[in-house]
Trainee: 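Sharing a structure here in C-alpha cells format.
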Amino acid sequence: MTKEEKLDKVCNAFSALNEEKQEYIIGILQALVFAANENSSTREMAIEQTQEGRK
C-alpha cells in the first residue's frame, strides 16, 4: 500500500468519527508535532553548543 493510499484510508476513517473523537485525535497530533519540534530544537542547540566548545 502506498503512502497516498494509507493517507486516504486514514482520512476516510477520521471523517467517519464523531466530532469529539476528531478533536481528541487532533489534540494528540498537535502534542506529537510539538514534541517533535522541541526535540529537534534541543538537538540543534546541543550541536551548536558542541561546535562552539570546539572553537
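Note: hydrogens, waters and symmetry copies are ignored here, and every other heavy atom, side chains too, is used. Only a predicted model underlies this, so the values are computations on that prediction, with no experimental measurement involved.
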Trainee: Look up atom SG in C11 and atom NZ in K6, then write down how far apart they are to the nearest 0.5 Å.
Mentor: 14.0 Å
Trainee: Would you give the length of the straight line joining atom CD of E4 to atom NZ of K9, rounded to the nearest 0.5 angstrom?
Mentor: 15.0 Å
Trainee: To the nearest 0.5 Å, how far apart are CD in Q30 and CD1 in I25?
Mentor: 12.5 Å
Trainee: Has N39 got a side-chain atom pairing as donor or acceptor with A35's backbone, closer than 3.5 angstrom?
Mentor: no
Trainee: Rounded to the nearest 0.5 Å, what separation is found between the CE atom of M1 and the CG atom of D8?
Mentor: 10.0 Å
Trainee: Would you find more than 12 non-hydrogen atoms of other residues, nucleotides or ligands less than 6.0 Å from E38 atom CD?
Mentor: yes
Trainee: Taking atom OH of Y24 as the centre, does the number of heavy atoms from other residues, nucleotides or ligands within less than 6.0 Å exceed 12?
Mentor: no
Trainee: Count I, L, V, M, F, W, Y as connected when their side-chain heavy atoms are under 4.5 Å apart, and connections chain through other members. Are L29 and F34 then in the same cluster?
Mentor: no
Trainee: Is the backbone of T2 close enough, under 3.5 Å, to the side chain of E5 for a donor and an acceptor to pair up by distance?
Mentor: yes
Trainee: For the atom pair CD1 (I26) and CD (E19), what is the distance rounded to the nearest 0.5 Å?
Mentor: 9.0 Å
